[in-house]
> 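Dropping the structure in here first, questions after.
Values below: all heavy atoms of this structure, side chains included; hydrogens, waters and symmetry mates excluded.
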Amino acid sequence: MSRWRELTGESSGEDYAARFAALARSGADVHGEARFCAALVPAGARVLDAGCGTGRVMIRLAELGYDCVGVDLDASMLAVARRQAPGLPWFQADLAAFEPDRLGIAADFDLVVAAGNIFPLLAAGTEAAVVQRLTAALRPGGLLVAGFGLDEAHLPVPPGITLAAYDDCCAAAGLTLVDRFATWDAGPYDGGGYAVSVHRR
């Protein structure tokens, strides 16, 4: 069982969407992840939103002209995404067993983004498999971008993966670290409790 399922019971889609809607109404920037990705690949690039949730990041990227696909295991989150953007491709799948061809998806993404603490909330022991699956969905030269918390101040659960362990998973999958940041606004990483990592296939 994933730590996300243990935490939410996979029934928090509406609450999650409402929280971000309230943030947007208050004037908060809720599109940092999409802006970060848009700085890495040109409009028209193929983007896989791995662990897309309610679609906040992917919907914004689609608005910016990206060719997007969203995958998530949580049906309650996907229900919100499908309601908000019914014309976009949303798929329910476990990232640890993700096979694009089985869903009729070409495995030639320019960028895969895993935002929203995807890796710390996976089922323990599946992190390497997920990195392998996501890497396999990338074209040669494609980028895997993952942002997640590393301490209790940045996570809803106790930390589940270290940066060193994540880097080891990426190296084993044939990925090379390109850069690392402290925020989705591309602030320099200084060893803090949140990191955004960019790896290249």
Side-chain angles (χ1 to χ4, degrees), residues 2 4-5 8 10-21 24 30-119 121-123 126-127 129-148 173 175 184 196 198-201:
S2 72
W4 173 257
R5 180 176 289 174
T8 68
E10 294 188 346
S11 60
S12 63
E14 295 293 342
D15 291 342
Y16 189 90
R19 180 160 60 90
F20 276 95
V30 297
H31 296 304
E33 300 98 326
R35 188 169 55 250
F36 183 94
C37 292
L40 294 176
V41 291
R46 295 195 73 228
V47 177
L48 173 66
D49 190 348
C52 61
T54 58
R56 175 177 54 87
V57 176
M58 178 170 142
I59 291 170
R60 179 58 179 161
L61 284 170
E63 290 171 348
L64 294 173
Y66 290 86
D67 179 8
C68 300
V69 173
V71 176
D72 204 286
L73 188 58
D74 187 332
S76 75
M77 303 287 268
L78 286 171
V80 175
R82 288 169 174 146
R83 185 177 71 241
Q84 293 182 337
L88 294 179
W90 309 101
F91 295 92
Q92 185 173 13
D94 183 346
L95 293 178
F98 176 54
E99 294 185 42
D101 58 337
R102 289 197 167 197
L103 300 175
I105 303 169
D108 62 352
F109 289 95
D110 299 290
L111 184 146
V112 173
V113 57
N117 286 319
I118 300 303
F119 280 94
L121 294 172
L122 294 171
T126 66
E127 297 88 354
V130 170
V131 172
Q132 290 277 359
R133 296 286 185 171
L134 298 183
T135 300
L138 285 168
R139 65 166 179 78
L143 300 172
L144 172 61
V145 178
F148 54 85
L175 297 171
W184 289 101
V196 180
V198 182
H199 285 79
R200 186 182 303 278
R201 180 177 181 186

> Got a sec, which residues hit salt bridge (charged side-chain N to carboxylate O under 4.0 Å, His left out) with E99, two or more places apart in sequence or on another chain?
R102, R133
> Nearest heavy-atom pair of L103 and A93: which atoms, and what distance?
CD1-CB, 4.3 Å
> Return the CG to CD distance between D74 and Q92, rounded to the nearest 0.5 Å.
8.0 Å
> Of all the heavy-atom pairs spanning D67 and G44, show the shortest one and how long it is.
CB-O, 4.1 Å
> Knowing that exactly one of V57, V69, L61 qualifies, which makes a side chain to side chain contact (heavy atoms under 4.5 Å, CB included) with D49?
V57
> If a pair satisfies salt bridge (charged side-chain N to carboxylate O under 4.0 Å, His left out) and one of its residues is in residues 135-148, list it, with sequence neighbours excluded.
D110-R139
> Locate the shortest heavy-atom distance separating D72 from G51; write the atom from each residue and the value.
OD2-C, 3.1 Å
> Can you tell me which residue among V113, L138, V198 is in a side chain to side chain contact (heavy atoms under 4.5 Å, CB included) with L144?
L138
> Y66 side chain to V41 main-chain N or O, any donor-acceptor pair under 3.5 Å?
yes
> Mind checking side chain to side chain donor-acceptor pair (under 3.5 Å) for D108 and listing every partner two or more places apart, or none if nothing turns up?
R46
> What pair of heavy atoms forms the shortest contact from A81 to G55, and how long is it?
CB-N, 4.0 Å
> Can you tell me how far CD of E127 sits from CD1 of I118, rounded to the nearest 0.5 angstrom?
12.5 Å
> Determine whether a donor-acceptor pair (N or O, by modelled atom type, separation under 3.5 Å) exists between the side chain of R200 and the backbone of G141.
yes
> So, using side chain to side chain contact (heavy atoms under 4.5 Å, CB included) as the criterion, who are the partners of A129 when residues are at least two apart?
none
> Check the pair L95, L73 against side chain to side chain contact (heavy atoms under 4.5 Å, CB included), reporting the backbone distance first and the verdict last.
CA-CA 8 Å; L95 293 178; L73 188 58; over 6 Å; no
> Please report the shortest heavy-atom distance between P100 and A137, naming the atom on each side.
CG-CB, 4.1 Å
> Between E33 and R56, is there a side-chain N and carboxylate O pair less than 4.0 Å apart?
yes
> So, using side chain to side chain donor-acceptor pair (under 3.5 Å) as the criterion, who are the partners of R82 when residues are at least two apart?
none
> Can you tell me how far OG1 of T126 sits from CZ of F119, rounded to the nearest 0.5 angstrom?
8.5 Å
> Quick check against the 3.5 Å criterion: does W90 have a side-chain atom that pairs as donor or acceptor with the backbone of A85?
yes
> What distance separates L48 CG from F98 CZ, expressed to the nearest 0.5 Å?
5.0 Å
> Calculate, to the nearest 0.5 Å, the distance between atoms SG and CG belonging to C37 and L111 respectively.
5.0 Å
> What's the spacing between R60 CZ and C68 SG if we round to 0.5 Å?
11.5 Å
> Run the ring pair (Phe, Tyr, Trp, His ring centres under 6.0 Å) test against F36 and tell me which residues pass, sequence neighbours left out.
F181, W184
